[in-house]
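Below is one structure, written out as structure tokens; comments come after it.
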There are 4 protein chains.
Amino acid sequence: MDYAARNFAAEGYHTTSVTSIVNGLGVGKGVFYWYFASKDELLGEILGDALRSMREAQRDAIAGEPDPARRIDQGIRASLHWLSENRHLFVLMEFARTEERFAPIIRRGDDQMVADALPHVSAGITAGLLRGEDPVFLTMAILGVSGHLARTLVLEQGNDADRVAESVIAFCRQGYLATGTPALARRSA
Amino acid sequence: MDYAARNFAAEGYHTTSVTSIVNGLGVGKGVFYWYFASKDELLGEILGDALRSMREAQRDAIAGEPDPARRIDQGIRASLHWLSENRHLFVLMEFARTEERFAPIIRRGDDQMVADALPHVSAGITAGLLRGEDPVFLTMAILGVSGHLARTLVLEQGNDADRVAESVIAFCRQGYLATGTPALARRSA
Amino acid sequence: MDYAARNFAAEGYHTTSVTSIVNGLGVGKGVFYWYFASKDELLGEILGDALRSMREAQRDAIAGEPDPARRIDQGIRASLHWLSENRHLFVLMEFARTEERFAPIIRRGDDQMVADALPHVSAGITAGLLRGEDPVFLTMAILGVSGHLARTLVLEQGNDADRVAESVIAFCRQGYLATGTPALARRSA
Amino acid sequence: MDYAARNFAAEGYHTTSVTSIVNGLGVGKGVFYWYFASKDELLGEILGDALRSMREAQRDAIAGEPDPARRIDQGIRASLHWLSENRHLFVLMEFARTEERFAPIIRRGDDQMVADALPHVSAGITAGLLRGEDPVFLTMAILGVSGHLARTLVLEQGNDADRVAESVIAFCRQGYLATGTPALARRSA
DNA sequence: AATGAATGAGCATTCATTCAT
DNA sequence: TATGAATGAATGCTCATTCAT
């Protein structure tokens, strides 16, 4: 699975044939179909494992942290870290999103991640630490910044994951406005 | 190109055959290869056009706005709007990222978008309106939130693009901390 | 279709690959799937044509013969003749009978043949020429002798079709009892 | 062998895999190849047994019957009965006929059956009971009617084997001509 | 005797691409 | 310009058979 995942990520799922996987592994083609019903199923299992692994990394990272805002920070750090260590799986997730037969797996994973992070955001709001608007939106926004910057700054440009994590945390906490600047009036009525 | 782009987005690039495209268009296969050297080249042109179109939408949106922070807001609104109107192209861009032969096109587009937005962020910093840290990072963070929330909230969950844009703007401006909350000390090891 | 039919008959349907057919014909593999949706469909069309051709041969043979008994004789002659000229198609029909996905085609053909011959048998009965028991049974019995002896005597042992036809006709007319022998009493009560 | 034979008949020989047989039997694949050198050999043994069993049924049926014509009748009854009780084996025989590697087994069986029945037909002719033409032809004709009507009327249409046997006997004895009708002159060119 | 993981040749089918018309 | 028949390499998958245990 690991070998296949890395090849799928490097060459593209459709571009990587079952033949090339088993050849690269030095095994017969039959053994592939002994363990997996189909190429699609293999990708499904890779994605399922990846999502599970990522979730566990986040869970472990925030365990024992009492401050909800800090729990969020730890979650961001854990995400960036996991993503940088498993860049091939991240690439695969992005691909899966684009094919209707795999997209549900990812959407379920997204929902799960939001559901995991939501209690902490909500707790932060209750504690008066976070802006009390839509907690679901807030959660998604945090995940969005983390994911995008993991891809561009860490995976594509090779920046250090921990460094980027701190910047992401700072951005999520304060936004881009200079401290002390009064929030500008909304544009719309 | 439009017909092909919509089919690629709906069925997947690899899943959509040249035959199905020309049949759907009621033309022969020869005419396809008269205009495009290959299926890959077609996708390349679709992506190039898409990137250009998105860039123009952003350029138009911020023209004539003197306030750099407001220019950023307008850019966010334009991005969300364009993405919601061209969801098939957005899906295609996400796919292109996952195959090494198309990824450079997208990476160039990403760079371009950062380059386009950077002057406004820098101007905002100079004017003392934005936090003076890394302007490139700030730009990428803004693009990341926009892109991710466009996909999840607008494309997948069908929320209104303008509504989401305002939330994105608010998040980018202020982050998630409750106003008045002093920034927590970094967690540093 | 003719080349494929002969190969299917000689080597067996499953044993003959699409590759071997197109290679034997000196064409590319794509051309096969341009004309036939699948290997199964090809066999279906071969069988349909064969059934149609056989039926026509019988129809032509009995046209213009006023005596119903003689029409039956002519039908037998035509069947034996067609079968001897199209032994490969006969073999294919026998095979088709043994696979559930092709069997319906043959069963329909059988029904059709019975339906074609039935009026003549019935007319013979009405005219007092044929034994008045079950006309459907009589029809099937005639077809059974013809088919079996075509296979064993003509196809397998190479006897002359016309000669065999005359013997089949004689058997069907009179049975095996010596002329003048009184019919033996039935065994059961 | 019985389980395999029934599956081969129901699903087709090529369509039934060795895996599905051993799984259905709850044994490992090794045990299959311990008892049979190959899948083909298994079918060969099934066919051999089937032919032997059918032959025995016929031999038993005619034992002790002094009248040669009645021996033939009993043989017909026994054939129909055996075929209706072993329809899966009959289907398998029909299939085997269509593949060159199995056909010899069936042809040998056919020859055997003719050889078994021939003495009785010959005896009938000698006794003046049967028409004195070609005894081999007469034998084959009888077998042909029996086999064909077993398949269509008994196996396919579900009629009672004993009932069909009586009709077959009647047809074989007298043919289709109404009793008393003078044999029509041959049509000869 | 028995297991079942492993093999790999072989199969039906697809599809980007070409080119005679 | 345009057609669509033709090509054939490549793909996902099957399955009879082997063999270490």
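Here is how names work: the chains are called A, B, and so on, in the same order as the sequence lines, proteins then strands, and each is numbered from 1. This is a predicted model, so every value here is computed, not measured.
Salt bridge annotation for C:Arg6-C:Asp2: present, with a cationic side-chain nitrogen under 4.0 angstrom from a carboxylate oxygen.
C:Val22 comes within 4.0 angstrom of nothing in the nucleic acid, heavy atoms only. Using a 4.0 Å heavy-atom distance criterion, D:Phe36 is classed as making no nucleic acid contact.
Summarising the base pairing, E:dA1 is matched to no nucleotide, lacking a Watson-Crick or G-U wobble pair whose two defining distances lie under 3.5 Å. Across all strands shown, E:dT21 forms a Watson-Crick or G-U wobble pair with F:dA2, both key distances being under 3.5 Å. In this structure F:dT11 sits in a base pair with E:dA12, meeting the Watson-Crick or G-U test at under 3.5 Å.
Here the closest heavy-atom approach between residue B:Ala103 and residue B:Arg97 is recorded as CB-O, 3.7 Å. When all heavy atoms of B:Leu92 and B:Ala5 are compared, the pair lying nearest together is CD2-O, 3.6 Å.
Checked by atom type and distance alone, the side chain of C:Thr152 pairs as donor or acceptor with a backbone atom of C:His148 at under 3.5 Å. In this structure, A:Thr16 contributes its side chain and A:Asn7 its backbone to a donor-acceptor pair below 3.5 Å. Counting only distance, with no hydrogens or angles, the side chain of D:Tyr13 and the backbone of D:Lys39 share a donor-acceptor pair below 3.5 Å.
Residue A:Tyr35 contributes atom OH, which lies 12 Å from atom P of E:dG4 at whole-angstrom precision. We find that CD of A:Glu11 is positioned 15 Å from P of F:dA10, with the value rounded to whole Å. Summarising the geometry, the separation between CH2 on B:Trp34 and C1' on E:dA16 is reported as 19 Å, rounded to the nearest angstrom. The CG atom of C:Leu25 sits 14 Å away from the P atom of F:dG8 (whole-angstrom rounding).
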Sugar-phosphate means primed atoms, P, OP1 and OP2; the rest is base. With that split, encode nucleotides 13-21 of chain F 5' to 3' as B, S or - using protein heavy atoms under 4.0 Å. BBBSBB---

